[in-house]
Structure formats: C-alpha cells, structure tokens
Amino acid sequence: HHSALLEDAHIEKLAQRLPARVQGYPWRLVYSTLEHGTSLKTLYRKTSSIDSPVLLVIKDMDNQVFKWTGENSYFINGDATSLQLGGGGGGFGLWLDADLYHGRSNPCDTFNNETISKKEDFIVQDVEVWTFE
C-alpha cells in the first residue's frame with residue numbers, strides 16, 4: 001500500500017527514527033481513513049492483533065515532532081470514545097474523538113510540546129496506521 005499522507009522524503013526521515021527492532025522491515029498499512037472510513041472502533045479492530053510498534057500519521061501533524069522527555073510514561077490511552085497520546089500538565093498532547101474527526105492538542109509533560117495545530121481544537125483530515133513486518 002502507498003501512503004496518501006507521507007511522501008518518500010518523510011518516510012526516509014521517519015525510517016531513521018524507528019526503534020532498532022523494526023528498522024529495515026517493510027512498512028504495512030493496517031488502517032487508513034481513506035480506505036477504512038473514520039471510526040476509532042475500526043482502527044482498534046484493524047490493529048488489535050499487532051504485536052509490533054506502529055506509526056500513527058495524522059495529516060495535521062506535519063510541523064511538530066513529539067520527543068519523549070522522560071518526565072512520564074503517558075504515551076497512549078484509548079477507549080470507545082477517544083484516543084489520547086501524551087499527558088501531564090493538564091492536557092493531552094493529542095486527543096482524537098471516536099469518529100476520528102475532531103482533534104485537540106495541548107501542551108503536555110510527556111512530549112514537552114506546544115499545540116501541534118494552529119488552534120487547540122482542529123478537524124482531522126486523514127489518519128494512517130503503519131506497522132513493520
């Protein structure tokens with residue numbers, strides 16, 4: 001599968017930052033809003049059997065790189081209503097609703113980030129999840 005969101009240059013840069021245990025493995029698209037629709041339940045179902053790191057790509061994230069500060073381990077949490085990445089300091093680094101339509105970004109301790117979008121609340125255009133096998 002080809003990414004609708006990542007250009008070759010993005011893939012080359014990201015490949016250098018992947019965990020060592022998956023570097024060099026082929027990328028496999030397991031979920032895409034363009035192919036599978038906008039549903040967090042579908043994202044969970046498509047990724048439930050994966051036992052390797054995944055890469056979550058959201059179109060509005062082009063200008064911000066999250067780097068773990070070591071401050072806490074609040075990487076990811078999710079339920080039927082939303083998906084949250086990062087935390088501490090009163091907000092989530094990234095929050096997505098169950099329809100993968102509304103998003104919110106706040107500064108958080110996990111990534112020591114500013115908001116990743118021009119406004120705190122934003123509309124998600126596309127999401128992809130990649131695995132490496």
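Values below: all heavy atoms of this structure, side chains included; hydrogens, waters and symmetry mates excluded.
Within the 4.5 Å cutoff, the side chain of Leu56 has heavy atoms near those of the Leu85 side chain. Annotation: side chain of Leu55 is in contact with side chain of Trp27 (closest heavy-atom distance under 4.5 Å). Between Glu120 and Asn106 there is a side-chain heavy-atom pair separated by less than 4.5 Å. Proximity of Leu100 to Tyr31: side-chain heavy atoms (C-beta onward) are separated by under 4.5 Å at one or more points. With a 4.5 Å cut-off on side-chain heavy atoms, Trp130 and Leu29 count as touching. Between Pro53 and Arg21, the closest side-chain pair of non-hydrogen atoms falls below 4.5 Å.
In this structure, CD1 on Ile11 lies 6.5 Å from NE2 on His2, to the nearest 0.5 angstrom. For the atom pair Glu12 CD and Arg17 CZ, the distance stands at 14.5 Å (nearest 0.5 Å). Between Ser32 atom OG and Lys46 atom NZ the span is 10.5 Å, to the nearest 0.5 Å.
No side-chain donor-acceptor contact under 3.5 Å links Asp97 to the backbone of Gly103. One N or O on the side chain of His10 and one on the backbone of Glu7 form a donor-acceptor pair closer than 3.5 Å.
With hydrophobic clusters built from ILVMFWY side chains whose heavy atoms lie under 4.5 angstrom apart, Ile123 does not share a cluster with Val127. Each of Tyr101 and Val124 belongs to its own hydrophobic cluster when Ile, Leu, Val, Met, Phe, Trp and Tyr are linked at side-chain heavy-atom distances under 4.5 angstrom. Leu14 and Leu18 end up in the same hydrophobic cluster when Ile, Leu, Val, Met, Phe, Trp and Tyr side chains are linked at under 4.5 Å. Note on Leu6: it clusters hydrophobically with Tyr25, by side-chain heavy-atom contacts below 4.5 Å among ILVMFWY residues.
With sequence neighbours left out, the side-chain contact (heavy atoms from CB on, under 4.5 Å) criterion links Asn77 to Gln84. Taking Asp121 as the reference, Arg104 meet the salt bridge (Lys or Arg N to Asp or Glu O under 4.0 Å) condition, with sequence neighbours excluded. For Ser48, there are no side chain to side chain donor-acceptor pair (under 3.5 Å) partners two or more places apart in sequence or in a different chain. Under the side-chain contact (heavy atoms from CB on, under 4.5 Å) criterion, Thr47 pairs with Val30, Leu43, Ile50, Val129, not counting sequence neighbours. For Asp99, the side chain to side chain donor-acceptor pair (under 3.5 Å) criterion is met by no residue, not counting sequence neighbours. Not a single side chain to side chain donor-acceptor pair (under 3.5 Å) links Asp51 to another residue, sequence neighbours left out. By the side-chain contact (heavy atoms from CB on, under 4.5 Å) test, Tyr44 is found to be paired with Leu40, Leu83, residues two or more places apart in sequence or in another chain being considered. Take Glu133 and apply the side-chain contact (heavy atoms from CB on, under 4.5 Å) test, not counting sequence neighbours, and it matches Arg28, Thr131.
When all heavy atoms of Lys59 and Gln125 are compared, the pair lying nearest together is CD-OE1, 3.3 Å. Scanning all heavy atoms of the two residues, the minimum distance from Thr115 to Ser105 falls at CG2-O, 3.1 Å.
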Decide yes or no on side chain to side chain contact (heavy atoms under 4.5 Å, CB included) for Asp126 and Thr38, but give the supporting numbers first. CA-CA 8 Å; Asp126 292 305; Thr38 55; over 6 Å; no

Please tabulate, for side-chain N and O atoms in residues 86-95, each donor-acceptor pair with protein atoms closer than 3.5 Å (sequence neighbours left out).
residue: Trp95; atom: NE1; partner: Ser82; partner atom: OG; Å: 3.3

